[in-house]
Amino acid sequence: MAEMAGRRIAAAHRLQRCLARRVETADRLGPVERVAGVDVGFEEGGRVARAAAVVLAWPGLETLETAIAREPVRLPYIPGLLSFREVPVIAAALGRLAAPPDLVVCDGQGIAHPRRLGVASHLGLRLELPTIGVAKSRLIGEHGPVPEERGGRVPLGEGDETLGAVVRTRTGVRPVYVSPGHRVGLETAVAWTLALAPRYRLPETTRRADAAASGKRIREAFPR
DNA sequence: GCGACAG
DNA sequence: ATCTTGTCGC
């Protein structure tokens, strides 16, 4: 009974290692005018997944378009296998947009993953779009203390390799974990993260996608 | 065997 | 992720 799940997990790990070979961690994106944020929420006690894709204008950060997709949940949440659970619905939501975005910001890791295939990387590969991962907490990797000021950053690494960066988007507030998803280098990923988070801890893309996926309302203008 | 563990 | 109100602090 438990062996069945074990074999499926082992197969998923092999698939991740296979797909990870195709992930591109160097910049390969054109001019960015439309940046999308994606996120997934759950309803019906976790039986239904609801993904939101929100497109923001760059620069300006106005919301240009919002798309929603719902699907029955097929897999449970297993650390390291998040993308198998969320990528399908996210792709469906992005597919409902009038036009594909130039860059996608995901709520989760990019290559800062045990097998180098976090949601952002998996989604980028599947849609052949530039993506970056901005997670609220750590999955793997070690790092030193992060400077307290906004913009402060330290590398997130494992052994010899640098998987991403731990970045402070707001002075004195918990940092976020940034890593390349697909076709976006680490430096570019960090730059976009800071550019998209001028006021709050999380990028505006993630905040608006999260709000759209959960039905709540947030502050979208920044007077002052 | 004992922790750690994106959302 | 989700269940949930007010409250402490800058």
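Side-chain atoms are counted along with the backbone in the values below, which use heavy atoms only and exclude waters and symmetry mates. Numbers restart at 1 for each chain; the letters A, B, ... are given by sequence-line order, proteins then strands.
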Transitively linked via ILVMFWY side-chain contacts under 4.5 Å: A:L103 with A:L125?
-> no
Kindly work out whether a path of hydrophobic side-chain contacts (I/L/V/M/F/W/Y, heavy atoms less than 4.5 Å apart) joins A:V176 to A:W192.
-> yes
Which is it for A:E44 and A:R70 under the salt bridge (charged side-chain N to carboxylate O under 4.0 Å, His left out) test, yes or no, and what are the steps along the way?
-> CA-CA 12 Å; A:E44 308 296 317; A:R70 282 188 167 72; over 6 Å; no
Protein-nucleotide distance ([X], atom [atom1]; [N], atom [atom2]), rounded to Å:
| X | N | atom1 | atom2 | value |
| --- | --- | --- | --- | --- |
| A:R116 | B:dA6 | CZ | P | 16 Å |
| A:D39 | C:dA1 | CG | C1' | 9 Å |
| A:R150 | C:dC10 | CZ | P | 22 Å |
| A:E86 | B:dA6 | CD | P | 12 Å |
| A:R47 | C:dT2 | CZ | C1' | 13 Å |
| A:Y77 | B:dC5 | OH | P | 10 Å |
| A:E158 | B:dA6 | CD | C1' | 15 Å |
| A:H143 | B:dA4 | NE2 | P | 15 Å |

Within the 4.0 Å heavy-atom criterion, would you say [X] contacts the bases, only the backbone, or no part of the nucleic acid?
| X | result |
| --- | --- |
| A:L117 | nothing |
| A:G118 | base |
| A:G172 | nothing |

Check the surroundings of atom CD in A:E71: do more than 12 heavy atoms from other residues, nucleotides or ligands lie under 6.0 Å from it?
-> yes
For atom CZ of A:R96, is the number of surrounding heavy atoms from other residues, nucleotides or ligands below 6.0 Å larger than 12?
-> no
Is there aromatic stacking of A:Y177 against B:dA6, centre distance under 5.5 Å, plane angle under 30°?
-> no
Distance-only, no hydrogens or angles: does the [X] side chain make a donor-acceptor pair with backbone N or O of [Y] under 3.5 Å?
| X | Y | result |
| --- | --- | --- |
| A:R28 | A:H182 | no |
| A:R201 | A:R174 | yes |
| A:R85 | A:L75 | yes |
| A:D27 | A:G185 | yes |

Those stems involving DNA chain B that have three or more consecutive Watson-Crick or G-U pairs, both distances under 3.5 Å, are none
Near DNA chain B, which residues from residues 127-141 of chain A have a heavy atom under 4.0 Å away?
-> A:A135, A:K136, A:S137, A:R138, A:L139
